[in-house]
A.B. asks: 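Shown below is the structure under consideration.
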Amino acid sequence: MFYRNLFAGLCFVFLALGLALHSPHAFWGCLMCGAFSRTAVRKKWPDPPFALAIRDRFRNH
């Protein structure tokens with residue numbers, strides 16, 4: 001779930017950059033991040049060890 005959310009967030013960042021700057025490179029980055037996000041879901045990539053620490057930090061606030 002960590003990688004899905006990470007790449008989905010980056011996808012939106014690159015999309016906003018692409019729309020603001022009219023950059024084909026930013027749109028390509030958006031496309032790649034979207035593909036990685038879907039791949040993480042389908043391949044069931046496990047969460048990295050530091051993801052639990054990050055999740056606990058946000059839950060405490």
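Along the sequence shown, residues carry numbers from 1. The model shown is predicted, which means the values in this text are computed figures rather than measured ones.
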A.B. asks: Go through the structure and list residues passing ring pair (Phe, Tyr, Trp, His ring centres under 6.0 Å) with Phe12, not counting sequence neighbours.
C.D. replies: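 With neighbours one apart ignored, the set is empty.
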A.B. asks: Is it the case that one hydrophobic cluster holds both Met1 and Phe50, taking links as side-chain heavy atoms less than 4.5 Å apart, direct or via other members?
C.D. replies: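 Different clusters.
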A.B. asks: Do Pro48 and Tyr3 come close enough that some side-chain heavy atom pair is under 4.5 Å?
C.D. replies: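 Contact flag for Pro48/Tyr3 side chains = yes.
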A.B. asks: Report the distance from atom CZ of Arg59 to atom CD1 of Ile54, rounding to the nearest 0.5 Å.
C.D. replies: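 Spacing of CZ (Arg59) from CD1 (Ile54) equals 13.0 Å.
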A.B. asks: Taking only residues two or more places apart in sequence or in another chain, which ones pass ring pair (Phe, Tyr, Trp, His ring centres under 6.0 Å) with Phe7?
C.D. replies: Phe36
A.B. asks: Residues in side-chain contact (heavy atoms from CB on, under 4.5 Å) with Ala8, at least two apart?
C.D. replies: Ser37
A.B. asks: Could you name each residue pair satisfying salt bridge (Lys or Arg N to Asp or Glu O under 4.0 Å) that touches residues 21-50, not counting sequence neighbours?
C.D. replies: Asp47-Arg55
A.B. asks: Given a cutoff of under 4.5 Å between side-chain heavy atoms of I, L, V, M, F, W and Y, with clusters grown through shared members, what are the other residues clustered with Trp28?
C.D. replies: Leu31, Met32
A.B. asks: Show which side-chain atoms of residues 15-26 pair as donor or acceptor with protein atoms under 3.5 Å away, not counting sequence neighbours.
C.D. replies:
from  : atom 1 : to    : atom 2 : distance (Å)
Ser23 : OG     : His25 : N      : 3.3
Ser23 : OG     : Ala26 : N      : 3.3

A.B. asks: Nearest 0.5 angstrom please: Phe2 CZ to Leu52 CG, how far?
C.D. replies: 10.0 Å
